[in-house]
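Given the structure is predicted, the values throughout are model-derived calculations rather than measurements.
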Amino acid sequence: MNRKSIIAVLSAFMMLLGACGEDNGHVAGNADDQDQIADTEKTGDDKTDTGDDKTDTGDDKTDTGDDTTDTGDDKTDTGDDTTDTGDDTTDTGDDTTDTGDDTTDTGDDTTDTGDDTTDTGDDTTDTGDDTTDTGDDTTDTGDDTTDTGDDTTDTGDDTVTPPEKTAPKADLMDLVFTNDNKAKNVVNNGLDMSNISGSRIINYSNPRYAKLSIPYVAHFNNPLGSKGGGCYKVDYSNQQQFKNALSDGHSLEAVFRLDAAHDGTSEAKFFSSHSSGGTGFLISKKEKGNSITFLPYVGGGYKWCDSKIVPEVGKYYHVVGVWDKAAGKAHIYVDGKLSGTVDAAGDFSFGSENWFGVGCDAGSNSESSWNGDVAVARVYDKPLTADDVSLLYENTKLADSKHFVIKNVDALGTCQLAKNYKYNIYGSGFKAGDAIRFESMSSTKTHNLTTTLDSKGAFVTGIIPDGLTTGQYRSVLVRGNDVYPLAWGTVTMTANPPTQANVNCVAHQGYHPKGVSANSIASLREAQKLGCYGSEFDVHITLDGGLFVYHDRKIGNVDIQESKKSQVEKLKLSNGEKIPTLEAYLKEGQKVPSVKLVLELKSQGKTSKYSYNENNKRLTQACIDLVKKLKMEDQVEWISFNYNNCLQVRKALPNAMVQYLASTSDNAKTPAELNKDNHHLSLDYKESLLKNHLGWIADAHKNKQVVNVWTVGKADFNYWIGKGVDSITTNDSKDLMNTSRIYVKR
């Protein structure tokens, strides 16, 4: 058939189509103007050339110069103006080419029009082997997309490829954690970055996320849900533009791992800015389901957008929280899937603390602290769509989201070491083959330690290798291709490091778990049961010389120092026990002579009968006399904030352990001052004071003076053990007794 015959057949066939109204799923044009073939916008069931449809891509019957027209069952839409005059092949198979007055590109469809596609304004003319675009543009009227020449044109055997979708970029906050245990916001908006209690944060390179261009992950070793934990603080209190962005709708993104079982007694927060308002994520309390929750404060109250997903220990989760102000909705997505939606209409309200906590919640004491990892912490100035979230998840998705966890980690960060010394790590969850590695926090250098596992699996021991130099390091446990962070701090290499043997545990006011009163006979017994080095207690004196064990000067409305013995001895403690006399306390202590009785001579005030100095002297002398009477000079140790009280004890008991108490630099004394005139008093200093004078520890040891630090929480035990203190006074005596084992030895 010649070309004129083909044109005649096609023209006749198009006239037939125009008269048919609706045929085979195609919508006809206006009945008054059948030259107009309506643009078909259906891309689902309609036979639209979309790339999944039968597109003439080289496998179809393509007219390649042999003038073969594929007219089988195809419908060739030529309008009044579409003429195939070249060697090109009009694709008339099962595909439908809509060429009416305009060429309609239906969304991301691929149009195959021979060797090339000619867009000629209102009409599409195929003028030979090549097609010249002589119109203004090819208008894509399917999904309202204008084809301006940047689109991909199928010219011959090529296939049109839609533009690849990319994940949105955080525009308000995007934290990147760094090798030196810091974090930076890579979105330049002037937010103030800092960290709180940095010893409880360990940034480390997680091989899984390093492959996903997340070089370092933040690990938090806080007691889960506690106050005062370590975290990163991102302050936006002075950033009005940031606040405005949150107020008109926002999204939060995080990747986290929980490393401690959540009992539901308190909330735990990995990325949050609440504090009586604000927005953020949390693991809710038991009554709320112990689940991953997005919580914006909108319309006068918190909107609990609950995923109903209880996180597993050791598993990574990707979570996105969306507050859409325009729609009045809040959504939470977990691992790319919509997991919860709530109504959230109204205005956004900020909390009393305008900062984001990573590893905790905003608050004056860093509330609801986290235990585990945070790999991503981002904020977006818009409500993200489901497609956005899916793309973000794909960027962070792990092939295996489960990770091993070492529980109850007990390892030194700051310490003195030497080649061939042992470095011990305590905890639970070790396996044969686990190894220890030291990683420099200022370079890429690493040092592998020869590692052995304790026969009972209670700890692993690494031998310090040659080549380790003084500097900041983190220690990690290596298992196959995975690592787990243990501790970080300054390692000092020295020729003769001290052996970090069992640190002495001094139970502050005895050991008083729930139901046991501090400074009671019961608290002394509890300290004895634990096997503490000592039990600390406080002593006051009445007007008539009665000695009683109690911390404060007053018990209820009764002033001990202004009362008589007969009045005070009737008083009871919170557990129902009578306030103990010093004699009763000492006699109870005699039953377990291995536990020292650390007697604090409370600084006595002026009374109606005695001056300040008189009252302190009479207290000190009365206690000395009673200790001598009971022959307990070797079991009782002495402490006091009153320097003269200490000197009075030293004069009366030359061989006694006497320690001077201090809490600030104003009343502190150097080791040399405490050793003046051969008084040989030791140090018992508050931890905040001693941190500012760490050199005093070594100075005291040179003079054979003892150093005690108080009152230390369990999260800081390793810090002080690493600093080489001799004893620690704590309310967490049970935890310290489990910690105070040999750490570094030959």
Side-chain angles (χ1 to χ4, degrees), residues 223-228 263 265-266 408 502-540 542 546-558 560 565 567-602 623 626-627 630 632 635-639 661 684 686-687 708-717 720 727-740:
L224 191 66
S226 65
K227 294 183 178 181
D263 61 10
T265 58
S266 61
N408 305 313
N502 295 342
V503 67
N504 292 331
C505 173
V506 178
H508 183 231
Q509 301 177 42
Y511 179 54
H512 39 92
K514 188 175 181 180
V516 177
S517 296
N519 270 322
S520 64
I521 297 293
S523 69
L524 170 59
R525 290 173 181 154
E526 292 294 329
Q528 291 169 332
K529 288 178 186 178
L530 287 177
C532 295
Y533 170 83
S535 181
E536 183 266 350
F537 58 99
D538 308 280
V539 182
H540 294 273
T542 63
L547 298 172
F548 289 92
V549 176
Y550 197 70
H551 183 271
D552 298 334
R553 176 170 173 167
K554 288 185 176 182
I555 177 170
N557 294 322
V558 178
I560 297 173
K565 179 181 178 180
Q567 294 172 285
V568 178
E569 62 187 3
K570 297 176 182 178
L571 302 175
K572 292 185 178 182
L573 304 176
S574 59
N575 64 346
E577 177 185 324
K578 282 188 176 181
I579 183 172
T581 64
L582 175 60
E583 185 169 0
Y585 194 96
L586 293 177
K587 286 183 177 179
E588 187 67 30
Q590 278 183 316
K591 296 177 182 179
V592 186
S594 61
V595 177
K596 298 291 185 180
L597 303 177
V598 183
L599 190 161
E600 180 178 346
L601 297 162
K602 297 296 289 187
C623 290
L626 181 57
V627 168
L630 297 175
M632 297 182 67
Q635 190 177 355
V636 175
E637 296 186 353
W638 305 77
I639 59 176
L661 288 167
D684 194 349
K686 187 174 182 179
E687 59 176 335
N708 181 77
V709 60
W710 56 272
T711 301
V712 180
K714 57 187 175 182
D716 293 317
F717 289 161
W720 289 111
S727 57
I728 293 174
T729 298
T730 181
N731 290 314
D732 300 319
S733 301
K734 186 175 182 179
D735 296 286
L736 182 54
M737 290 302 295
N738 291 333
T739 298
S740 58

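- Not counting sequence neighbours, the partners of Lys591 by the side-chain hydrogen bond (donor to acceptor under 3.5 Å, both in side chains) test are Glu588.
- Considering only heavy atoms from C-beta on, Lys587 comes within 4.5 Å of Leu630 through its side chain.
- What you find for Ile639 and Glu536 is that their closest heavy atoms are CD1-CG, 4.0 Å.
- Taking Tyr550 as the reference, nothing meets the side-chain hydrogen bond (donor to acceptor under 3.5 Å, both in side chains) condition, with sequence neighbours excluded.
- Ring planes of Phe537 and Tyr585: tilted class, angle from 30 to 60°.
- Between Thr729 and the options Thr711, Asp684, Asn504, Asn708, a side chain to side chain donor-acceptor pair (under 3.5 Å) holds for only Asn708.
- With a 4.5 Å cut-off on side-chain heavy atoms, Leu626 and Glu583 count as touching.
- When only modelled atom types and interatomic distance are considered, Glu687 and Trp710 share no side-chain donor-acceptor pair under 3.5 Å.
- Looking at every heavy atom in both residues, Cys505 comes nearest to Thr730 through SG-CG2, 4.2 Å.
- Contact of the Leu547 side chain with the Thr581 side chain is not registered, since no non-hydrogen atoms from C-beta on lie closer than 4.5 Å.
- The two atoms that bring Ile728 and Phe717 nearest to each other are CD1-O, 4.2 Å, heavy atoms only.
- With sequence neighbours excluded, the residues satisfying side-chain contact (heavy atoms from CB on, under 4.5 Å) with Ser520 are Val516, Ser517, Ala522, Ser523, Leu573, Asn575, Glu577.
- Lys572 places none of its side-chain heavy atoms less than 4.5 Å from the side chain of Ile579.
- Annotation: the span from Tyr511 atom OH to Leu530 atom CG amounts to 6.0 Å, rounded to 0.5 Å.
- In terms of heavy-atom proximity, Ile560 sits nearest to Asp552 at CD1-O, 3.9 Å.
- The shortest heavy-atom contact between Glu600 and Asp538 is OE1-OD1, 2.8 Å.
- Within the 4.5 Å cutoff, the side chain of Val598 has no heavy atoms near those of the Ser535 side chain.
- Thr542 places a side-chain heavy atom less than 4.5 Å from the side chain of Phe548.
- A pairwise comparison of heavy atoms in Leu524 and Gly589 identifies CD2-N, 3.7 Å as the closest pair.
- For the pair Val503/Leu736, a side-chain contact is recorded, criterion being any heavy-atom separation below 4.5 Å from C-beta on.
- His551 and Asn519 share no side-chain donor-acceptor pair at under 3.5 Å.
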